[in-house]
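Structure first, then comments.
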Amino acid sequence: MAKSTITIEVEMDENRIPAEIFWKASDSTAENFQKATAMMIAFWDAADKSALRIDLWTKEMMVDEMGDFFYQTLMTMADTYRRATQQEDMCEDMKNYARAFFKKVKYRDLKENKATE
């Protein structure tokens with residue numbers, strides 16, 4: 001049976017706040033650790049019927065980047081849901097929500113940027 005390993009290293013500052021996040025996958029073509037400024041991992045516990053999550057981001061992660069990160073994550077979650085269930089209508093509902101969310105994020109970014117000028 002084939003096996004794949006994903007390794008995540010998180011360097012923390014003196015207050016235990018993530019300073020840097022690095023990851024590497026055994027099936028990747030990249031030989032070295034890759035740097036990230038945020039990550040989300042979810043596991044499904046079938047026995048408890050609950051999602052277990054690890055959400056981390058570094059001080060480098062900007063608010064506008066977080067909006068982009070969530071938009072892209074929501075869109076790919078919708079694609080994953082479609083592949084798993086073949087429920088096109090639910091996938092489109094999720095993508096419509098993601099687009100509306102992103103529009104609000106970008107409007108807020110624009111409004112806040114004008115306020116600081």
Side-chain angles (χ1 to χ4, degrees):
M1 182 178 291
K3 201 178 211 184
S4 180
T5 302
I6 299 170
T7 304
I8 300 167
E9 291 186 1
V10 180
E11 293 181 13
M12 296 194 218
D13 68 10
E14 61 279 354
N15 296 317
R16 300 195 46 80
I17 295 173
E20 294 190 300
I21 300 169
F22 298 97
W23 67 277
K24 183 177 183 178
S26 61
D27 289 348
S28 172
T29 58
E31 291 185 26
N32 298 320
F33 276 90
Q34 303 297 304
K35 187 174 181 178
T37 53
M39 62 175 257
M40 287 189 239
I41 299 175
F43 299 94
W44 179 249
D45 183 331
D48 285 344
K49 301 262 187 242
S50 64
L52 309 169
R53 296 183 351 264
I54 301 170
D55 306 323
L56 295 174
W57 57 95
T58 68
K59 295 181 229 178
E60 292 177 19
M61 185 72 165
M62 305 304 295
V63 172
D64 62 326
E65 290 178 309
M66 188 64 83
D68 292 341
F69 181 47
F70 268 75
Y71 169 71
Q72 291 180 30
T73 300
L74 291 167
M75 293 296 276
T76 57
M77 285 173 63
D79 290 333
T80 301
Y81 188 83
R82 177 181 39 220
R83 283 194 314 274
T85 67
Q86 286 75 51
Q87 295 177 358
E88 286 288 330
D89 58 330
M90 298 301 287
C91 172
E92 282 310 307
D93 284 350
M94 290 174 71
K95 285 190 171 197
N96 287 335
Y97 170 76
R99 288 182 196 103
F101 169 84
F102 192 63
K103 188 176 179 180
K104 287 180 181 180
V105 165
K106 289 302 169 189
Y107 174 76
R108 180 172 285 177
D109 289 347
L110 182 65
K111 190 171 146 183
E112 288 176 0
N113 285 339
K114 282 185 177 182
T116 60
E117 290 178 355

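Looking at every heavy atom in both residues, Tyr71 comes nearest to Ala98 through CD1-O, 3.4 Å. Residues Ala78 and Cys91 come closest through the heavy atom pair O-SG, 3.4 Å. What you find for Leu56 and Pro18 is that their closest heavy atoms are CD2-CG, 4.0 Å.
A distance of 10.5 Å separates CD1 in Ile17 from CH2 in Trp57, rounded to the nearest 0.5 Å. Here the OG1 atom belonging to Thr80 is positioned 4.5 Å from the CZ atom belonging to Arg83, to the nearest 0.5 angstrom. Put simply, CE on Met62 and CG on Asp68 are 12.0 Å apart, with the number rounded to the nearest 0.5 Å. How far CE of Met94 is from CG of Asn96: 11.5 Å, rounded to the nearest 0.5 Å.
For Glu65, there are no salt bridge (Lys or Arg N to Asp or Glu O under 4.0 Å) partners at least two apart in sequence or on another chain. Partners of Lys59 according to the salt bridge (Lys or Arg N to Asp or Glu O under 4.0 Å) rule, which considers only residues two or more places apart in sequence or in another chain, are Asp13.
Residue Met1 belongs to no hydrophobic cluster, having no ILVMFWY side-chain heavy atom closer than 4.5 Å to its own.
The main-chain N or O of Asn32 is found under 3.5 Å from a side-chain atom of Gln34 such that the two form a donor-acceptor pair.
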_Let's go through Phe102 and Met75 carefully: what are the C-alpha distance in whole Å and the side-chain angles of both, what is the deciding distance for side chain to side chain contact (heavy atoms under 4.5 Å, CB included) to 0.1 Å, and is it a yes or a no?_
CA-CA 11 Å; Phe102 192 63; Met75 293 296 276; over 6 Å; no
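Two residues are said to be in side-chain contact when any heavy atoms from C-beta on lie closer than 4.5 Å; Thr7 and Phe33 meet this criterion.
Phe101 and Phe70 have tilted rings, their planes meeting at an angle from 30° to 60° on a 0 to 90° scale.
Around CE of Met77, the count of heavy atoms belonging to other residues, nucleotides or ligands within 6.0 Å does not exceed 12. Within 6.0 Å of NZ on Lys106 lie more than 12 heavy atoms contributed by other residues, nucleotides or ligands.
There is a path of hydrophobic side-chain contacts, each under 4.5 Å, that joins Ile8 to Ile54.
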Between side-chain atoms of residues 39-48 and protein atoms elsewhere (two or more places apart, or another chain), which donor-acceptor pairs fall under 3.5 Å?
unit_1 : atom_1 : unit_2 : atom_2 : d
Asp45  : OD1    : Ala47  : N      : 3.0
Asp45  : OD1    : Asp48  : N      : 3.0

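Residue pairs meeting the salt bridge (Lys or Arg N to Asp or Glu O under 4.0 Å) criterion with at least one member in residues 90-99, sequence neighbours excluded: Asp79-Lys95. Every pair passing salt bridge (Lys or Arg N to Asp or Glu O under 4.0 Å) that includes a residue from residues 23-36 is listed here, sequence neighbours excluded: Glu20-Lys35, Lys35-Glu60.
Looking at Asp64 and Arg108, no side-chain N of the basic residue comes within less than 4.0 Å of a carboxylate O on the acidic one, giving no salt bridge.
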